[in-house]
Every structure is written in structure tokens, then in C-alpha cells.
Amino acid sequence: MPDTNNTISTIITSTMGGLFGFMYGTVLFGVLLMIPHELIHGLTAMVVGKAKWKDLKFGMMWKKCAAYCHCGVPLTVAQYRWVTLMPLILLGIIPSILSFILGNSLMLLYGMIGITVAIGDIWIAWLLRKEDGSVKVYDHPSTAGYFLFDTDEEFEEIKQSI
Amino acid sequence: MIRKSEISLLKANLLSLLLAAVVAGVLIPLFNWIHPEKFITNLDNTFFIRV
């Protein structure tokens, strides 16, 4: 006669272990995704905004649970849109589309995490939706936001105020 | 004219939960409809499930 208690215990343990392992893996992946996410912001600023590596500042706002990449040179709104949305495209939208083509649900899961962690970037892009692409923008160095300005004098004023 | 915009990271973190629910609510049923046999089997073979 099979040991019923042992069988039930095994089923519960393996199910819960699998579920917690899966949740742990998902959260861990979301946290680890911050690194390539911020690197893509920086690399896009270098490619489209002609920023240098030394102009970029990477860090973590521990109190707000958010990683950041600050670009120290002003960009146009059109360039800033690319910088803001590139991690969403590369780590969220493309893996999600590929998952449908390849039939890979794990890739879909990671694509969904890539979309979810880009919420701040989507919000910034939404705020900029009505701005002309040629307007100049300076990334806020210490919080999630930006300054829009027109002239070099205004840029100097911004730099002195922060 | 200088214009400053900021977003609240606390609200962004809360919104990300909402976005996760919406994205999962749309994409998972869509994937399951297109590849009905693959959704669970792919995940079942992952390292995290096996652990």
C-alpha cells in the first residue's frame, strides 16, 4: 500500500517549491534586468545623442528602489525619446514578439517583465508626447524627470540651479 | 522658457503592478490561444520550476 501521507507531502512540497522558485526567479530576473536596462539607456545616449561614456552616470536610488542612468549632456526631445524607450523596445517588446513567433512562453514572461520595469520610461515619453522633436532637453541628475529649454543661457541657468 | 517635469517613482512602482496585470492579462491568453500546448510545458522545463 502506498504511503499516502508521503505522496501528498511530496506533491505539496514540489508544487510550493516550484511556485516559490518560479516567483523567486521572476523577481530575481526583474532585479537583474535593471543592469542591461540602464546600460541600454546609456549606450543609446552615446549612439543617438553623441554623449561620451564619461558624460553618463549610473546609480541606484535605494530609497525609491530605482536604478538610474543620467546623461550629462543636453539632447533634443527626439533623441531623448529614443534614449528613454530603447530598453522597452529591446528588452520588452522585441522578446514578446519573438516569443509569439518562436512559441516560447519563457521568453514571453521575460518580455512582460521587460515591459513592466519600463513604466517610468513610458511615463516620461507620455509627458513628452506633445513636444516638438527639436526642443532641447536635459535629464534631471537626481530624480526621474527632465528640463526643457531653448537657449544656451537657459541651460547654464539650469546647471546652476541643480 | 525653462520647463521642468518630474515623475513620482512611488507612483511609477505602483503603476508597474497595474501594467504587469494588464500586460499579463492580454499577452498570456493571446499566447495560450496561438500556442495552446506550449504555455505550461515551456515554463515547466525551466530551471526555476525544477528548483
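Because the structure is predicted, anything quoted here is derived from the model rather than measured.
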Asker: Sort by residue number and list every residue of residues 111-118 of chain A having at least one heavy atom under 4.5 Å from chain B.
Answerer: Met112(A), Ile115(A), Thr116(A)
Asker: What pair of heavy atoms forms the shortest contact from Ile2(B) to Phe149(A), and how long is it?
Answerer: CG1-CB, 4.4 Å
Asker: Would you kindly confirm whether Leu98(A) and Ile34(B) end up in one hydrophobic cluster when ILVMFWY residues are joined by side chain heavy atoms under 4.5 Å apart?
Answerer: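 Both belong to a single hydrophobic cluster.
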Asker: State plainly whether one hydrophobic cluster holds both Met1(B) and Leu128(A), where clusters connect Ile, Leu, Val, Met, Phe, Trp and Tyr through side-chain heavy atoms under 4.5 angstrom apart.
Answerer: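 No: no chain of side-chain contacts under 4.5 Å links Met1(B) to Leu128(A).
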Asker: Considering the options Ser105(A), Ser99(A), Ser96(A), which one meets the side chain to side chain contact (heavy atoms under 4.5 Å, CB included) requirement together with Leu27(B)?
Answerer: Ser96(A)
Asker: According to a 4.5 Å side-chain heavy-atom criterion applied to Ile, Leu, Val, Met, Phe, Trp and Tyr, with indirect links allowed, do Leu148(A) and Leu127(A) form part of one hydrophobic cluster?
Answerer: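 Linked within one cluster.
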Asker: Please tell me whether Val23(B) and Ile97(A) are part of a single hydrophobic cluster in this structure, the criterion being side-chain heavy atoms less than 4.5 Å apart.
Answerer: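 Yes, because Val23(B) and Ile97(A) connect within a single hydrophobic cluster, where side-chain heavy atoms sit under 4.5 Å apart.
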Asker: Could you go through the side chain to side chain contact (heavy atoms under 4.5 Å, CB included) check for Val135(A) and Arg3(B) one step at a time?
Answerer: CA-CA 11 Å; Val135(A) 174; Arg3(B) 286 165 289 157; 4.1 Å; yes
Asker: Using heavy-atom distances under 4.5 Å, tell me whether Leu18(B) contacts chain A through its side chain, its backbone, both, or neither.
Answerer: neither
Asker: Might you work through the side chain to side chain contact (heavy atoms under 4.5 Å, CB included) test for Ile122(A) and Leu15(B), ending with a clear yes or no?
Answerer: CA-CA 11 Å; Ile122(A) 296 169; Leu15(B) 266 177; over 6 Å; no
Asker: How about residues 150-162 of chain A versus chain B: which residues have heavy atoms under 4.5 Å apart?
Answerer: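 Within residues 150-162 of chain A, the residues that come under 4.5 Å of chain B (heavy atoms only) are Asp150(A), Glu154(A), Glu157(A), Ile158(A).
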Asker: What are the two closest non-hydrogen atoms of Ala12(B) and Ile119(A), and how far apart are they?
Answerer: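 Looking at all heavy atoms of both residues, the closest pair is O-CG2, 3.3 Å.
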Asker: If I measure from the heavy atoms of chain A, does Ile7(B) come under 4.5 Å with its side chain, its backbone, both, or neither?
Answerer: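 It is both, since atoms from each part get that close.
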Asker: Could you list which of residues 52-62 of chain A have a heavy atom closer than 4.5 Å to any heavy atom of chain B, in residue-number order?
Answerer: Met61(A)
Asker: Do Leu19(B) and Leu30(B) share a hydrophobic cluster, counting only Ile, Leu, Val, Met, Phe, Trp and Tyr and linking them when any side-chain heavy atoms are less than 4.5 Å apart?
Answerer: yes
Asker: For Ala66(A), is it the side chain, the backbone, both, or neither that has a heavy atom closer than 4.5 Å to a heavy atom of chain B?
Answerer: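 The side chain, not the backbone.
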Asker: Could you name the residues of residues 72-93 of chain A that have a heavy atom within less than 4.5 Å of a heavy atom in chain B?
Answerer: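 No residue falls under the 4.5 Å cut-off.
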Asker: Taking atom CH2 of Trp123(A) and atom OG of Ser8(B), what is their separation to the nearest 0.5 Å?
Answerer: 5.5 Å
